[in-house]
Amino acid sequence: MSSGRQRLPLNQEAQLIEERTPKAAARGSQDLAAGDGRITTDEDGSPTGHLLDGLNPQQREAVLHRGSPLLIVAGAGSGKTRVLTHRIAHLLASGDAHPGQILAITFTNKAAAEMRERVAALVGPRAGRMWVSTFHSACVRILRYEASTIGIRSGFSIYDATDSRRLMTLVCRELDLDPKRHPPRAMAAKVSNLKNELIDPDTFATTAARSGTEAEGLLAQVYADYQARLAAAQAFDFDDLIMTTVNVLQVFPQVAAKYRQRFRRILVDEYQDTNHAQYVLIRELVGGPAAEPADGRADAAAEPELPMAELTVVGDADQSIYAFRGATIRNIVQFEADYPHAHTVALEQNYRSTQRILTAANAIISHNPDRVPKNLWTGSGDGAKIVGYTADSEHDEASFVVNEIADLHARHDVRHGDVAVFYRTNAQSRAIEDVLVRAGVAYRVVGGTRFYERREIKDALAYLRVLDNPDDTVSLRRILNMPKRGIGDRAEACVAALAQRDGISFAAALERAGDAPGIGARAVNAIGAFTALLAELRSLLADGVGLGQLIVAILDCSGYAAMLRDSRDPQDETRLENLEELIAVAGEFETQTPDGTLSDFLTDVSLVADADDLPDEAVAAGQAELERTEDGVVTLMTLHTAKGLEFDVVFMTGMEEGVFPHQRSLGSQKDLAEERRLAYVGVTRARQRLYLSRAVTRSVFGSQCRPRSSTGAGWWTPGWPIRTTGGHRPPRRWPAGPGCARPATGR
DNA sequence: GTCCGGGATTTTTTT
DNA sequence: AATCCCGGAC
């Protein structure tokens with residue numbers, strides 16, 4: 001028996017439009033209705049209600065509310081993204097807004113694509129002119145449009161986390177920091193936090209100098225140096241994209257005015273995961289809240305202010321799981337204070353999970369202090385009991401999961417595609433993958449080492465980036481000795497010193513490597529060959545050779561392809577295949593975007609996180625293609641990636657102190673609360689069945705590790721019914737038993 | 001002695 | 001992926 005209301009298939013969701021306000025009927029209705037002909041009939045051809053059908057009163061209120069800023073606080077599975085989608089569709093269908101006026105922010109690019117698709121299914125192709133994207137994509141678009149105004153290169157490079165860590169490593173080394181006391185990783189995190197708080201290097205340096213400690217002074221130096229190098233490389237890191245856009249809006253009134261006039265409806269999903277910079281960005285874009293005339297100085301006569309854009313935000317404070325990168329629930333908790341005339345709608349009814357699952361979720365999250373109590377409820381039944389399993393080892397745990405999947409498949413017709421396995425860290429997927437492979441179950445790992453994060457792909461892209469943007473020092477240094485061409489650390493340092501001494505770019509210093517003090521003759525020769533290679537590739541690019549061909553040339557001329565072919569490492573064969581995929585992706589980009597530049601391609605690639613679009617994944621474990629398409633594949637992912645998704649069956653694995661919650665979070669209540677929210681997110685992904693498992697011993701990098709469970713009952717006290725029999729072996733004591741006797745040995 | 005390359009070791013979560 | 005350590009080439 002399927003519980004609750006399943007999400008309607010698109011063709012049924014495409015009801016609507018019938019009920020249009022007179023405004024739209026006047027002009028746009030014809031277009032809208034004509035949209036794609038997909039309007040208001042269900043299977044047997046009879047008209048079916050309108051856009052609000054199937055929504056409960058709170059959801060309707062949220063869809064229909066107009067005028068003041070709207071906050072939708074919603075529990076998990078309450079249909080918040082659906083409400084947002086219908087709200088957009090209703091804005092369009094009613095003629096209250098045209099697509100060009102809409103800016104919708106989602107958390108991932110994938111979510112953006114889905115939302116765009118759903119809205120298009122509801123109102124037809126006119127929806128195409130909306131902006132639906134992540135914060136980062138929206139900022140890139142703005143920065144590229146305004147590049148000439150701001151005075152930046154429109155083809156700037158975008159540095160992901162690993163790129164910026166590399167850059168930070170360079171900075172720390174140059175400043176002679178002890179990597180033990182000031183690891184680049186930590187410095188990068190601190191700088192990132194400053195940017196998320198919109199504190200620019202100068203301001204920070206001033207405050208650090210005035211009242212700061214030595215450590216702060218150091219950080220100020222690192223921050224300034226890091227930013228200077230980013231600027232020299234014509235590059236933005238992820239934090240810069242937001243921070244710079246905010247700066248631009250604040251510094252160039254005409255730019256701000258342009259976007260305020262353009263975006264009259266702004267909607268933000270997952271508002272609980274926004275940071276301060278994103279909060280300010282939204283505030284700048286909506287142009288509000290209109291400040292009360294301070295100290296009686298009524299400037300009202302000055303010029304007619306554009307009224308604030310209509311702002312809608314949706315979020316659930318209990319699902320805030322990105323505090324580690326600066327997200328703050330302040331934004332959602334203080335919304336009504338930020339926007340004085342705000343209206344709030346609460347959605348507590350859950351349409352996703354069984355009551356037992358919701359009870360578990362409530363039990364977990366209720367342990368968090370300082371939260372607004374919320375009680376998820378559902379009209380559907382109790383459902384199956386939650387199953388807990390304590391395994392001997394991670395292998396045993398994996399076997400349990402896989403056996404259970406097979407059993408569900410055989411006895412309950414559960415499709416593999418409806419099953420997900422969650423874990424806290426990416427490394428944990430290995431053990432489960434092993435057993436899945438042996439059992440011949442097809443699966444895919446979402447996230448982990450994603451396609452564009454693979455070494456060979458990043459290398460190839462680094463070549464492209466250097467060709468596109470010679471100032472991109474990080475990419476240049478990445479490929480300098482890749483494949484090995486006899487330019488070692490020593491030679492690289494000499495060139496860097498030359499660049500530093502003469503105040504020229506690294507690329508320019510390479511051209512006259514012979515002048516570098518202390519450099520060896522061999523290295524100079526090798527560098528000469530390398531610069532010749534780049535020149536050759538650049539001339540190809542200038543000749544207008546295709547993107548795919550350019551990549552082929554890069555791989556051939558650099559010897560990269562040869563290196564992989566000659567290698568005896570079996571992994572390198574896969575690398576070659578991945579590179580073929582990249583060439584295919586580039587070809588696809590060219591056909592889809594005929595006038596796209598190399599910069600456009602690189603921008604696309606830097607920002608995609610669209611796991612489903614990517615060619616790799618799906619490690620098909622000897623499964624017939626046909627069966628896979630009918631049955632789907634089991635999905636493996638971290639709890640963080642699971643946000644916003646749902647599955648019939650969910651396995652949460654590795655629920656041991658030290659693994660989940662993670663070792664690093666055990667020290668503080670604040671971090672522990674975030675782990676609990678993460679558990680809450682995981683549990684509420686399940687529609688029908690939920691499994692929780694842990695292992696008494698788990699090997700980490702070869703050596704055995706016994707997780708500790710100090711309280712005996714674990715880090716939370718589960719307050720839900722646990723099935724006591726079932727599974728393939730009798731489950732061990734869970735969760736009451738101490739499970740793991742000895743404290744962690746560390747490694 | 002200098003420098004490069006390969007191996008071992010160790011990884012929270014991610015736009 | 002980034003670092004450190006050691007063997008081999010010059």
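Keep in mind that what you see is a predicted model, and the values were worked out from it rather than measured. We name chains A, B, ... by the order of the sequence lines, and we start the count at 1 in each one.
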Query raised in the report: Does N481(A) have a side-chain nitrogen or oxygen under 4.0 Å from the phosphate oxygens OP1 or OP2 of dG5(B)?
Result: yes
Requested in this report: Run through D472(A), D237(A), D239(A), D240(A) and flag the one making a side-chain hydrogen bond (donor to acceptor under 3.5 Å, both in side chains) with Y159(A).
Outcome: D472(A)
Requested in this report: Identify which nucleotide among dT14(B), dT3(C), dG6(B) has an atom closest to any side-chain atom of K484(A), counting heavy atoms from C-beta outward.
Outcome: dG6(B)
Report task. Could you check whether D273(A) gets within reach of a base, just the sugar-phosphate, or nothing at all, counting any heavy atom under 4.0 Å? Result -> nothing
Query raised in the report: Is G520(A) touching bases, backbone alone, or none of the nucleic acid, heavy atoms closer than 4.0 Å?
Result: nothing
Query raised in the report: What is the distance from CZ of R185(A) to P of dT14(B), rounded to the nearest Å?
Result: 13 Å
Report task. Provide, to the nearest angstrom, the distance between the CZ atom belonging to F530(A) and the P atom belonging to dC4(B). Result -> 15 Å
Query raised in the report: Base, sugar-phosphate, or nothing: which does R166(A) touch, judged by heavy atoms less than 4.0 Å apart?
Result: sugar-phosphate
Report summary line: Per atom distances to the F324(A) side chain, the nearest of dT15(B), dT13(B), dA1(C) is dT13(B)
Report task. Identify whether any heavy atom of T169(A) sits under 4.0 Å from a base atom; if not, whether one sits that close to sugar-phosphate; answer base, sugar-phosphate or nothing. Result -> sugar-phosphate
**Report entry** Any side-chain donor near an acceptor of the partner, S137(A) and N109(A), under 3.5 Å
**Finding:** yes
Report summary line: Whichever of A523(A) and D671(A) has the more 5' nearest nucleotide on DNA chain B, that residue is A523(A)
Query raised in the report: Starting at CD1 of I242(A) and ending at C1' of dT15(B), how long is that distance when rounded to a whole Å?
Result: 8 Å
Query raised in the report: What is the nucleic acid contact for R325(A), judged by heavy atoms within less than 4.0 Å: base, sugar-phosphate only, or nothing?
Result: base
Query raised in the report: Without hydrogens or angle criteria, can the side chains of E397(A) and S693(A) be said to hold a donor-acceptor pair below 3.5 Å?
Result: yes
Query raised in the report: Whole Å only: how far is the CG atom of D489(A) from the C1' atom of dC6(C)?
Result: 15 Å
Report task. Measure from the side chain of T108(A), starting at C-beta and using heavy atoms only, and say which of dC4(B), dT14(B), dT15(B) lies closest. Result -> dT15(B)
Report task. Among dT15(B), dT13(B), dT14(B), find the nucleotide with the atom closest to the side chain of T641(A). Result -> dT14(B)
Query raised in the report: Between atom CZ in R181(A) and atom C1' in dT3(C), what is the gap in whole Å?
Result: 19 Å
Query raised in the report: When the distance from CG of L177(A) to P of dT3(C) is rounded to whole Å, what number comes out?
Result: 13 Å
Requested in this report: Return the value, rounded to whole Å, for the distance between atom CG of D239(A) and atom P of dT14(B).
Outcome: 16 Å
Query raised in the report: What is the distance from CG of L167(A) to P of dA2(C), rounded to the nearest Å?
Result: 12 Å
**Report entry** Of R478(A), K458(A), R229(A), the residue whose pairing with D163(A) passes salt bridge (Lys or Arg N to Asp or Glu O under 4.0 Å)
**Finding:** K458(A)
Report task. Give a yes/no verdict on base stacking between dT12(B) and H662(A): centres under 5.5 Å, planes within less than 30° of parallel. Result -> yes
**Report entry** Six-ring centre of Y322(A), R325(A) cation under 6.0 angstrom, axis tolerance 45°
**Finding:** yes
Query raised in the report: Using 4.0 Å as the upper bound for N to carboxylate O, is an ion pair formed by R424(A) and E675(A)?
Result: yes
Query raised in the report: Y322(A) near the nucleic acid: base, sugar-phosphate alone, or nothing, with a heavy-atom cut-off under 4.0 Å?
Result: sugar-phosphate
Requested in this report: Look at all strands and tell whether S665(A) reaches a base, only sugar-phosphate, or nothing, counting heavy atoms closer than 4.0 Å.
Outcome: nothing
